[in-house]
Student: 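Questions regarding the structure given below will be posed in turn.
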There are 2 protein chains.
Amino acid sequence: MSQSASLLDRLRARQWRITPQRRTVAEVLHGDHVHLSADEVFAAARRRLPEISLATVYNTLNELVAMGEVSEVRAGAGVTRYDPNVHIRHHHLVCTGCGAIFDVRPEGITGLRLTGPDRHGYSVDEIDVVFRGRCPSCAPSPPARSLA
Amino acid sequence: MSQSASLLDRLRARQWRITPQRRTVAEVLHGDHVHLSADEVFAAARRRLPEISLATVYNTLNELVAMGEVSEVRAGAGVTRYDPNVHIRHHHLVCTGCGAIFDVRPEGITGLRLTGPDRHGYSVDEIDVVFRGRCPSCAPSPPARSLA
DNA sequence: TTCCATGCAAAGTGTTTGCAATAAT
DNA sequence: ATTATTGCAAACACTTTGCATGGAA
């Protein structure tokens with residue numbers, strides 16, 4: 001269930017320059033079911049290290065993503081969240097009401113693939129699957145947008 | 001291959017108030033493999049109707065999405081594209097190099113589902129699948145981000 | 001004639017960047 | 001001592017909004 005080494009340990013192993021700010025961000029991102037937005041990471045980090053700046057949080061998150069230690073999850077329009085669980089292959093279940101996210105390991109995922117013509121000559125590196133629906137709290141069904 | 005009725009026809013059927021601006025946006029969005037950003041829609045619309053404003057393009061796109069006649073495709077960081085092909089179920093193949101998008105109908109998609117515990121009590125309304133890779137032009141492989 | 005859509009420009013988001021001061025190795 | 005990181009604030013890209021004008025039905 002848990003990662004073999006903490007994010008921080010993995011960063012040390014990479015000989016990444018550890019600063020109080022980077023360490024704090026890494027600590028905030030510790031866990032298997034964490035999906036925080038940059039602002040949330042900033043808020044949480046600030047509680048432990050009041051002088052940290054938002055720019056540093058963004059810089060750090062971008063570096064973690066570039067290193068492949070954290071992945072970005074696009075939950076919806078303009079909503080980017082950061083997921084430190086990059087070691088266990090998984091996908092996401094997103095609530096269209098409140099934005100809550102769960103990691104999931106769907107059935108049938110192994111059969112997914114693009115056949116010849118549909119590959120369009122691409123080399124496929126990854127497959128992102130996002131299940132969208134309503135969580136128990138936002139229950140009923142979509143807020144029935146009125147239209148036309 | 002083609003939609004039974006054009007987007008514009010569908011809008012008329014909905015008794016949507018047709019203005020030159022809305023008609024132009026609908027015309028720009030005509031087709032099965034169209035994935036334009038708001039800016040691109042604006043640029044194309046402007047060629048036909050120079051006095052159209054970007055705000056109107058955004059308003060119109062948002063209304064089309066709310067009506068369910070166009071869907072938003074989140075290709076990557078901050079890139080929202082609009083896809084008028086909402087009648088034929090399909091997914092997307094995105095090039096991580098140039099951002100090119102293709103509609104695809106992957107094999108094995110029907111077996112995809114969340115079993116009990118993984119459903120977390122959600123009612124699942126849709127499943128988005130995005131294949132990411134490199135198109136023939138951006139060929140090789142990822143630009144190998146340097147790190148640590 | 002009534003009501004709604006438009007255009008404009010200003011205001012909002014969320015994110016990135018330049019640069020001098022500062023800290024990690 | 002060297003070199004990279006930080007914080008700040010300004011700059012950015014994208015999107016939304018308020019309001020008076022103009023156009024669709």
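Note: hydrogens, waters and symmetry copies are ignored here, and every other heavy atom, side chains too, is used. This is a predicted model, so every value here is computed, not measured. Lettering of chains follows the sequences in order, A, B, ..., and the numbering in each one begins at 1.
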Student: State which of C:dG14, C:dG7, C:dA5 makes the closest approach to the side chain of A:D39.
Tutor: C:dG14
Student: Does CZ belonging to A:R132 count more than 12 external heavy atoms closer than 6.0 Å?
Tutor: yes
Student: Can you tell me how far apart CD1 (A:I18) and CZ (A:R23) are? Round to the nearest 0.5 Å.
Tutor: 8.5 Å
Student: Looking at A:T56, I'd like to know whether one of its side-chain N or O atoms comes within less than 4.0 Å of OP1 or OP2 on D:dT5.
Tutor: no
Student: Could you tell me how far apart A:E72 (CD) and C:dT16 (C1') are, to the nearest whole angstrom?
Tutor: 13 Å
Student: Of the nucleotides C:dT15, C:dG7, D:dT17, which one has an atom closest to the side chain of B:I52?
Tutor: C:dG7
Student: Please give, in whole Å, the distance from D:dC14 C1' to B:L54 CG?
Tutor: 9 Å
Student: Provide, to the nearest angstrom, the distance between the OH atom belonging to B:Y58 and the P atom belonging to D:dT15.
Tutor: 3 Å
Student: Please determine whether side chain to side chain contact (heavy atoms under 4.5 Å, CB included) holds for the pair B:R48 and B:V28, giving the CA-CA distance in whole Å, both sets of side-chain angles, and the decisive distance to 0.1 Å.
Tutor: CA-CA 9 Å; B:R48 297 152 168 262; B:V28 166; 4.2 Å; yes
Student: Is the ring centre of B:H92 less than 6.0 Å from the ring centre of B:H90?
Tutor: yes
Student: Determine, for nucleotides 20-25 of chain D in 5'-to-3' order, which nucleotides have protein heavy atoms under 4.0 Å from the base (write B), from only the sugar-phosphate (write S), or from neither (write -).
Tutor: ---BBS
Student: Could you give the OH-to-C1' distance, from B:Y82 to D:dT15, as a whole number of Å?
Tutor: 8 Å
Student: How many Å lie between CG on A:L49 and C1' on D:dT6, as a whole number?
Tutor: 11 Å
Student: Would you kindly give the CZ-to-P distance between B:F42 and C:dC8, to the nearest whole Å?
Tutor: 9 Å
Student: Test side chain to side chain contact (heavy atoms under 4.5 Å, CB included) on B:L64 and B:W16 and set out the steps.
Tutor: CA-CA 10 Å; B:L64 291 172; B:W16 203 42; 4.1 Å; yes
Student: What is the ring orientation for A:F102 with B:H120, classed by angle as parallel under 30°, tilted 30 to 60°, or perpendicular over 60°?
Tutor: parallel
Student: Roughly what angle, to 10°, lies between the helix axis at the start of the helix from C:dG12-D:dC14 to C:dT25-D:dA1 and the one at its end, five pairs per end?
Tutor: 30°
Student: Would you say B:S37 places a side-chain N or O within less than 4.0 Å of OP1 or OP2 belonging to D:dC14?
Tutor: no
Student: Are B:S71 and B:Y82 close enough that some pair of their side-chain heavy atoms sits under 4.5 Å apart?
Tutor: no
Student: Could you go through the side chain to side chain contact (heavy atoms under 4.5 Å, CB included) check for A:N85 and A:H33 one step at a time?
Tutor: CA-CA 7 Å; A:N85 179 192; A:H33 299 289; 5.7 Å; no
Student: Report the distance from atom CD of A:E51 to atom C1' of D:dT6, rounded to the nearest whole Å.
Tutor: 11 Å
Student: So does A:N62 get a side-chain nitrogen or oxygen closer than 4.0 Å to the phosphate oxygens (OP1/OP2) of C:dT15?
Tutor: no
Student: Think A:Q21 has a side-chain N or O under 4.0 angstrom from the OP1 or OP2 of C:dA23?
Tutor: no
Student: Using the side chain to side chain donor-acceptor pair (under 3.5 Å) rule, pick out the option among A:E40, A:E72, A:H35 that qualifies with A:R81.
Tutor: A:E40
Student: Could you state the CD-P distance from B:E40 to D:dT15, rounded to the nearest angstrom?
Tutor: 11 Å
